[in-house]
S.K.: 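Next up is a structure, given as structure tokens.
Lettering follows sequence order; numbering is per chain, from 1. What you are looking at is a predicted structure, and each value in this text was computed from that prediction instead of being measured.
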2 protein chains.
Amino acid sequence: MDEKDLKILRLVQNDARLTADAISLDVGLSAPAVQKRLKKLRETGVIEREIAVLSQGKLGRDMTIIVEVILERESRAHLDAFKRKMRQAACVQQCYYTTGEADFMLILTVKDIQEYERFTEENFFDESNISRFKTSVVMDRVKASLDVL
Amino acid sequence: MDEKDLKILRLVQNDARLTADAISLDVGLSAPAVQKRLKKLRETGVIEREIAVLSQGKLGRDMTIIVEVILERESRAHLDAFKRKMRQAACVQQCYYTTGEADFMLILTVKDIQEYERFTEENFFDESNISRFKTSVVMDRVKASLDVL
DNA sequence: CATGAAAAGGCCTGAAG
DNA sequence: CTTCAGGCCTTTTCATG
């Protein structure tokens, strides 16, 4: 992992379709050398995966909601059950288990507020283990980068 | 946008390196037909971009922090200034302007708590427009999907 | 108008220097 | 690491439903 690897990573984390040839010009290596480094970065897990980012708006899911959840009981079994539920729920994009007031922080994308209401009924009200939850509607997605470097 | 397009999108949002040939088997089209659909999906912006997801842990930035920020004054100028700052800050991965108690919700990744402290000093304490902020440290990143479909 | 088959071009992957 | 050759993927072209 030298400076050239970092440069390659900065490029592909913004555009995974760049050809090795294009990268080689920026980095100052031959195209095969770049490919070799990319292969190693994938194998070692530095590059976890390569994905297509879809437009939420064009797919009719342009509403983003943030939810703080506080559980009633924080036993291991209850925590795991809640985590499992969030992983399965399609509209949950991100779920964090946190310190502080809330136990969990969720970021969801939905078509409209009705879809969110349905989500809460299926995931918060049926199960009595939710103490309370606080909903915030996102007015502006100011920044949504995935850049690590 | 028919069912075949949706199937293609579901595949590439998980793995953008799939060949058109591999996709064609799942979708029931020829490889060129898949390529043409992919091209159109890119041109129309349904596929916004294709990126490499890097491992935060392997790059030494495995600490995730969530911050709720409440501003002192909510004038347009102050809002814009804060948004601009967040866009520039490298450790800010996501920034949302929200309804509810907090004005902004941030998700950052840092190397350690010292880096976060530095961030707060540079962005929260120097400027008097921050009323208060609440920090939560992420213990478990339960889910971090980007799947829209 | 979108699909499929075949050919041309470009890109990636190995070996040798 | 680079150069070069081989092979795969992609991208046209063109004919078809």
S.K.: Identify each atom pair where a protein N or O and an N or O of nucleotides 4-8 of chain D are less than 3.5 Å apart, giving names and distance.
M.R.:
none

S.K.: Which parts of residues 6-17 of chain A get close to DNA chain C, meaning a heavy atom less than 4.0 angstrom away?
M.R.: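 Of all residues in residues 6-17 of chain A, none places a heavy atom under 4.0 Å from DNA chain C.
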
S.K.: For A/Leu59, which fellow cluster members are found when Ile, Leu, Val, Met, Phe, Trp and Tyr are connected by side-chain heavy-atom distances below 4.5 angstrom, either directly or through intermediates?
M.R.: A/Leu54, B/Met1, B/Leu6, B/Ile8, B/Leu9, B/Leu11, B/Val12, B/Leu18, B/Ile23, B/Val27, B/Leu29, B/Val34, B/Leu38, B/Leu41, B/Val46, B/Ile47, B/Val148, B/Leu149

S.K.: Return yes if the base of C/dG4 and the side-chain atoms of B/Lys36 contain a donor-acceptor N/O pair under 3.5 Å, otherwise no.
M.R.: yes

S.K.: Could you report the tightest heavy-atom contact between A/Asp103 and A/Leu71, atom names first, then the distance?
M.R.: OD2-N, 2.8 Å

S.K.: For B/Leu38 and D/dT10, what is the distance between atoms CG and C1' respectively, to the nearest whole Å?
M.R.: 11 Å

S.K.: Quick test of your reading of the model: are B/Arg132 and B/Glu68 salt-bridged, counting only N-O distances below 4.0 Å?
M.R.: no

S.K.: Phosphate oxygens OP1/OP2 of C/dT3: is one of them under 4.0 Å from a side-chain N or O of B/Arg37?
M.R.: yes

S.K.: Closest to the A/Thr19 side chain: C/dG4, C/dC11, D/dT2?
M.R.: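 Nucleotide nearest to A/Thr19's side chain: C/dC11.
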
S.K.: What is the distance from CD1 of A/Ile23 to P of D/dC1, rounded to the nearest Å?
M.R.: 15 Å

S.K.: Taking the side chain of B/Leu29 as heavy atoms from C-beta outward, which of C/dT3, D/dT2, C/dC12 is closest to it?
M.R.: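 Given the options C/dT3, D/dT2, C/dC12, the side chain of B/Leu29 is closest to C/dT3.
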
S.K.: Report the relative orientation of the aromatic rings in A/Phe124 and A/Phe82; use parallel for angles under 30°, tilted for 30 to 60°, perpendicular for over 60°.
M.R.: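 Parallel: the ring planes of A/Phe124 and A/Phe82 meet at under 30°.
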
S.K.: Under 4.0 Å between a Lys/Arg side-chain N and an Asp/Glu carboxylate O for B/Arg37 and B/Asp2?
M.R.: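 Yes.
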
S.K.: Closest approach to the side chain of B/Lys40, judged atom by atom: which nucleotide of C/dA2, D/dT2, C/dG4 is it?
M.R.: C/dA2

S.K.: Let me know the distance between CD of B/Glu50 and P of D/dT10, rounded to the nearest Å.
M.R.: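 Those two atoms, CD and P, are 11 Å apart.
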
S.K.: I need the CD-P distance between B/Gln35 and C/dG10, as an integer number of Å.
M.R.: 16 Å

S.K.: Under a 4.0 Å N-O cut-off, is there an ion pair linking A/Asp62 with A/Lys111?
M.R.: no

S.K.: Rounded to whole Å, how long is the line connecting atom CG of A/Leu18 with atom P of C/dC11?
M.R.: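 Rounding to the nearest Å, CG of A/Leu18 and P of C/dC11 are 12 Å apart.
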
S.K.: Can you tell me how far P of D/dC9 sits from CG of B/Asp21, to the nearest Å?
M.R.: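 Atom CG in B/Asp21 sits about 6 Å away from atom P in D/dC9.
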
S.K.: Work out which heavy atom in B/Val92 is nearest to a heavy atom in B/Met86; give both atom names and the distance.
M.R.: CB-O, 3.7 Å

S.K.: Is B/Asp80 salt-bridged to B/Arg76, cutoff N-O under 4.0 Å?
M.R.: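 Looking at B/Arg76 together with B/Asp80, the answer is yes, because their closest N to O distance falls below 4.0 Å.
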
S.K.: Do B/Gln94 and B/Tyr96 have side-chain N/O donor and acceptor atoms under 3.5 Å apart?
M.R.: yes

